[in-house]
Structures are given as structure tokens and as C-alpha cells.
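Notes follow the structure.
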There are 2 protein chains.
Amino acid sequence: MKESSLPVALDMPRGGRATVASLARRAGVATSTVSRALRNDPRISPEMRERIAALALEAGYTPNVLARSLVGGQSGLIGLVLGPVENPFYAELMQKAVAQAAARGWRLLLLHAGPGPIEDATAEALLQYRVDGCLITSAELSSRAAAICAANKVPLVMINRVAWEHGSAVSCDNHAAGALLADLLLRAGHRRLAVVSGNARTSTSTERAEGFARQVAAAGLPPPLALGGDNSHATGYQVGREIAAMSPGTRPEAVLGVSDILAMGVMDALREAGIGVPEAVSVVGIDGIGPARRPPYELTTVAQPLECMIERGLDLLQERMRGRPRAEEVVLLRGRLIRGRSARLPAEKPDRT
Amino acid sequence: MKESSLPVALDMPRGGRATVASLARRAGVATSTVSRALRNDPRISPEMRERIAALALEAGYTPNVLARSLVGGQSGLIGLVLGPVENPFYAELMQKAVAQAAARGWRLLLLHAGPGPIEDATAEALLQYRVDGCLITSAELSSRAAAICAANKVPLVMINRVAWEHGSAVSCDNHAAGALLADLLLRAGHRRLAVVSGNARTSTSTERAEGFARQVAAAGLPPPLALGGDNSHATGYQVGREIAAMSPGTRPEAVLGVSDILAMGVMDALREAGIGVPEAVSVVGIDGIGPARRPPYELTTVAQPLECMIERGLDLLQERMRGRPRAEEVVLLRGRLIRGRSARLPAEKPDRT
DNA sequence: CTCGTCTGTGCTATCGATTGCACGAACAAG
DNA sequence: CTTGTTCGTGCAATCGATAGCACAGACGAG
């Protein structure tokens, strides 16, 4: 009664939360025993294990992962650097990333979401929280974050981006996607083509446009009209108005928006100007985002295999976390064509080889 | 040469990352001195501080926040439980939350994003990582997470939701928003009204519908037609088709989608059916999401003051983290009317009092 | 009856950083 | 010259959990 008045209350550590130590005192055993019992160490007798489990449950014990990380060397955290979520693609990516990471027992530390480069202070957080790995999908200039990761040996995987210098990457085969769409449009008889690009510094945008252009060139046609410059609905819309303003004789007959969001902007502008899509102009995109599949658009597009991309990305991270210093790799996954109603296309292939 | 062969290499701790200890050894001082120097403790002499800072920079030292949290009792982490990001509202919310949290020196632990309730294992992570607080915006059934937070005294704030039992909340004045729109539509001469609701278990949806209905009742009109039941574009679209199928004489003249995403679905269906919006039917929404303001929609809506909501939410968290056991509170912020082109409305108020 | 061999637990160092307290030196006042 | 400050550092405990090693008892074999 001198030093401790409330035996139970004082049994609780600072935060009010039970700890291995408080449980150990209650059970009259050592902390190591508690720790082992809770981790189902076979060396602990079943009775003891049960007793401690019951005590833990009663006390509402939750292990402190921070403390565990300190000794274990693994935080269980994955850093996530996300692009501008105005583009539903990133939102969808995030949703799937959270779910898949959780399924593997990882938590996501959300470091950046939005346009523009990641701030230095934010990139520092990657190191401060000792993330086990990092997923980067941000559009541009995240080379900064990438460099920091590389310099500190944080496993790094870029999704939907190809690495500039460091790290592995998982991406859709953008070149092939562009080529596939060009091929379809050409087979449908379109001759005057246009490409609306996003940010010229992103591999995603340039590769798609390039794949498209190369296929057009292969058909012996003049290069497609190049428009755009920013990956947003607004840009697509503006480009759409420009196209609408052209005379029907010079106007492109088919337009590729290198991302669905661009294509949607183009469609909106064209239709607003009274130009029928797909009657007057065919519009196609790439990404396969949800809104583009819905009624007013029903965009013909090449959908990225998002679920697989994330799965492969996490695989790559895991390999590196386990310390296998394989060469960095770039994984390309093939996209899947979705035939919507935004373009006049040749009939489905007979599929008779 | 006996025990340590590579003095510099062995100076590096396990992870290869510099620590206060490794820096202390290099500088020939105690770890406490290093710690204090790096935290700009005035007791350390300027020369020493400078010397250690230089050493830290050279070694690429980054403090281990996990270790710091252990003694400090604060993790610097905020848990974020997010609703279905198919609704751009949540994506926008997340983007602003990341930015504002970062500005206050907090990082976000992304625990759940998507439809459906949060899993128990996920909610546990809130405790395991010792988050300093939690932001919940998930649509439904996160009472589980809320209960866990409450039981463990984790400060909790719900955004865009009103607390069921525990925690504080920041929300738009949904009732007023519904009433405001009803008033406008009535003043424009609309008489047959309809409401498309979201999930009936979310306060957001019911309050908006109720505010709308009450205003309609106050005008002595029969209650608005109640439709919907799920907060998605698909539901809005389906409802839109039902409305389109009604005869022009019985069809509602104006429709409130309790969220923009619902309203967009309604618009899409109506227009597809050849029913002009706003010529034949006025459509209004609530939320103020980006896509709804763009060309094909230009929805008339009441925008939530998202930036402010998050700011207030973080304020509330901060107060509680600082340990001021004020009563839990609900903060209601007034929304802002955005006049789009999706509804026939009375002319702007002369504003002459 | 004694000597291994297991089994089940306890003791203690450790992870990286922070912090209360002690300690030595320099220096001013008496 | 002694005493009392002030200043700058070091020592060691602490946060919560884990793991290597030691150790006590039970038990079968010789």
C-alpha cells in the first residue's frame, strides 16, 4: 500500500494498453514465456499457452508492432506513392493494392496521392518508418523517391511506370496496346487518325502513342495527328473541341486517347459539338477504368490487368524483401481488349485459324 | 584485428543504416549527445551540433521513427478507413487528407478502401501500429472499427458520417443541403419530385433525403417519390431508366440524387432514353465531385466543403491526442450551392436584403 | 542410485532512440 | 583559495517485444 495503491491499475503500462510485461506479471511468469505462448511456440506447454491466451484476451492485449519491428527488422509497412486520383485508374489501383497487401499481412503507408512530384519530406518518411518496400505509381518526377529508395536499399517496384534508373517495374504492354488499337481502327477502314497523348515524360503515354504510330506507319499511312500533352479529362475535352472545329474532310476519323480519361474528354467534347461518336468519329482509349465502361461512354479500350499487375508487383517486392538480389526486372502484362460502342470496328475475328 | 576486421563496415548496424549509436561511435561521444544534437537541444554546444550534423548527413542518417515512437508514445500515424473509391468523392477526400495530414507531420496508414465493412484483422492493425488517431469515412458497418477505437481510447473522427456511438464527427449539413435543393426546385415550379437514396443505413443518405422531403412537405405537396437504395452509378442509372419508362404525365419533373454519383447515373439513363436534362427533367445532386462538374453533366449540386471538413477533422483528432477529454462533438459545415445546367432553377437571388 | 536427455521457463541482451540524473570542468563571486 | 553556478556530456533506464542461452525438474536407461 506504500508505493502501489491500485495493483490492477498499476499493472497497466503507460498507454493503458496491456503489454507482454503486464501479462507476465499477471500470470506470474516471464515475459519471454508470454511472448512465446502468444506466438504459439511449441516449447510452451498447452496449459500455459491457454492460460496466457485467456489472460491476453481478457486484458485486450494487442502486440505492439512498432516494438516488434525494432527487433525483427521488418515493419510490415509498404510505402505507396500514388498519382493523381482524379484519374479513377489510380483510385482503382489503390483499392486493389490495399486489399492484396492486407491479404499478405502488409499495411500501406500512404505517402503521396495527387499530381506533382513527391515532396522530399514525404520521401524521407519512407526511410523513417523503415518501410519494407515501396510501390510507386505516381506519374512524374518520382525519380526522387526512387533514388532515395535505391540509395537506402528499399525494395522498389513501379506499377504502370517503367523504371528510369532503379527498381523493378510492372506495366501493361503499352506498345502492344497502342498497336492493337491502331490495327483494329485501320481494319475498320479508318484512314485519318489522331493520338491524344498525356504527359510526354511518362513512359506509359509515350509508349502507347508510339505503338499506335508505328502500326499506322506500317500500314503505309502518314503519321497520326499528335495532340494532347497532359493526362486529364480537361485536356481531352479541349482536344475534342479542336477536332470538332476541323472540317469534316480533314478531321480525324478515329482518335486514340492514350488513357481512358483522355478519351472520355474527347467524346464529351465531340458529342457536345454534335459530332456523333462513333458515327462520325471513332474514339478508343487505354486503361479500362470503371466510368469509361458505363453508359454514356462504353468506351472501346484495352483494359490493364490491374489485379495481376499488383499481384506481380507485390511478388517482386516480396522476393527482394526476402533478400534475393536478383537482377531488377520489368514485367509486361498484356492488356485485354474491351469492345465498347465508341468506335466502329471490324467484326469480331472469326477465330478460325 | 581480432574481433573486428572492417572498422567502418562494422560500424554500421544490422540494417546497414546509420543509427545514433553508430554516429556516436564515429564522433567519439555518447548516444545521448548525438540524439540531443540532432534534435537541436540547446544544451549541446554549437560546434558539437555542427559536427554531428555533418556526420549524420555524410552517413545518410535517418531517425527510426518506430524506435522513437516506442519511447515517445506517439507513432505519428493516423489510420484511414476509406469507403468505396468508385465514388470519386472518397478519392478526393483521400487526396486532401494525405496532403493535410502530411502538413501536420502525420502519415496515413491506409487500412481499408472499398465497399463493405472493414475486416477484423484490419481493424486490429489500428491498434497494432498504435495509431495516434483514426479517420473513418467508410460507408457502412465500420461501427466495428469504431468500437475497437473506443475500447482502446484511440481518438476517432468520422468524416461525412455521423457517429453511431463513439467518436466525433465532421459532416456536411446534409439536412440543410437537401432542403436547399428542394426549395430551389419548388421555386422553379417543379411539383412532382423524386429522391434517389443511397444506402439507408448511412446517415448521409437518409439525412439528405429527409431534408428534401421535409421541405417538400412544408410546401404542402405529397412526399417525393422514393427510389434507389444503393450509392452507386449503377443504381442511379437503373432508377433513371425506371423514370424514363414512366409516362410524361406521371414522371417526376425533378430528381434529387442524394449523391452526385447517383445523379449522374440518373442523367445518363434519362438522356440515353431521349429525355432531356434539364429540359424535360431537372436533376440535382449533393457532393460536388469533380466529374459531375464536367461537360456532359455540369450537375447542379451542393458541394461539400471537403478541405474544411478534413481540416476540422484533423483539429478534432489533434485535440484528443493532446489529451483533452472534451465531450465528443459533431461538427456540421454548410455546403455550397453550385449551379450547373442539369436543372431548371429560379434566377439567382437578387441578394438585395 | 546416478547420469544423460528432454521439456518447459526464466534471465538477459538486443533493437534504436529518448531523457532524467549525475558528473566534471570552467568560471565568477566571496 | 574555496564555494557555488552554469554549461556540456556521459551513464543508464526505459519503451515493448524477441531470442539465445542457462537452468531446474521429470524421466528412462544403465
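The sequence lines fix the lettering, A, B, ..., with proteins before strands; numbering per chain opens at 1.
Atom CG in B:D41 sits about 17 Å away from atom P in C:dA17, given to the nearest Å. Straight-line distance from the CZ atom of A:R39 to the P atom of D:dA17: 11 Å, rounded to whole Å. Counting to the nearest Å, the P atom of D:dT18 and the CG atom of B:L66 are 14 Å from each other. Distance B:R17 CZ to C:dA17 P: 11 Å, rounded to the nearest Å. Between A:R130 atom CZ and C:dA17 atom P there is a gap of 6 Å when expressed in whole angstrom units. Going from atom CG of A:L23 over to atom C1' of D:dT18 covers 15 Å, rounded to whole Å. In this structure, B:L70 places its CG atom 13 Å from P of C:dT19, rounding to the nearest Å. In this structure, B:N64 places its CG atom 18 Å from P of C:dT14, rounding to the nearest Å.
For B:S35 and C:dT18, the shortest distance from a side-chain N or O to OP1 or OP2 is below 4.0 Å. Side-chain N/O atoms of A:Y61 include one lying less than 4.0 angstrom from OP1 or OP2 on D:dA17. Within the structure, a side-chain polar atom (N or O) of B:T33 is placed less than 4.0 Å from OP1 or OP2 of D:dG10.
Note: B:L126 CG to A:R107 CZ = 9.0 Å, rounded to the nearest 0.5 Å.
A donor-acceptor contact shorter than 3.5 Å is absent between the side chain of B:Q128 and the backbone of A:V65. In this structure a side-chain-to-backbone donor-acceptor pair under 3.5 Å is missing from B:T137 to B:M158. In terms of modelled atom types and a separation under 3.5 Å, the side chain of A:D132 and the main chain of A:S75 share a donor-acceptor contact. Between the side chain of B:E328 and the backbone N or O of B:G167 there is at least one donor-acceptor pair closer than 3.5 Å.
Between B:A67 and B:S32, it is B:A67 whose nearest contact on DNA chain C lies nearer the 5' terminus.
Between the side chain of B:R36 and the base of D:dG10, at least one donor-acceptor pair of N or O atoms lies under 3.5 Å. The base of C:dC15 is not paired with the side chain of B:T19 by any donor and acceptor separated by under 3.5 Å.
Using a 4.0 Å heavy-atom cutoff across all strands shown, B:V65 reaches no nucleic acid atom at all.
Remark: B:E119 CD is loosely packed, at most 12 non-hydrogen atoms of other residues, nucleotides or ligands lying under 6.0 Å away. Heavy atoms from other residues, nucleotides or ligands lying under 6.0 Å from CD of B:E50 number 12 at most.
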Compile the donor-acceptor pairs under 3.5 Å between side chains in residues 27-42 of chain B and protein atoms, sequence neighbours left out, one pair per line.
unit_1: B:D41; atom_1: OD1; unit_2: B:R43; atom_2: N; d: 2.8
unit_1: B:D41; atom_1: OD1; unit_2: B:R43; atom_2: NE; d: 3.2
unit_1: B:D41; atom_1: OD2; unit_2: B:R43; atom_2: NH2; d: 3.3

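Side-chain contact check for B:R17 versus B:N64: every heavy-atom pair is 4.5 Å or farther apart.
Remark: A:R43, A:I44, A:S45, A:M48 in residues 42-57 of chain A come within less than 4.0 Å of DNA chain C through at least one heavy atom.
Closest approach to the A:T31 side chain among C:dT12, C:dT18, C:dG16 is made by C:dT12 (side chain taken as heavy atoms from C-beta onward).
In this structure, a donor-acceptor pair under 3.5 Å is absent between the side chains of B:S203 and B:R161.
In the helix from C:dC1-D:dG30 to C:dG30-D:dC1, the terminal helix axes, each the rotation mapping four pairs' C1' atoms onto the next four within five end pairs, subtend 70°, rounded to 10°.
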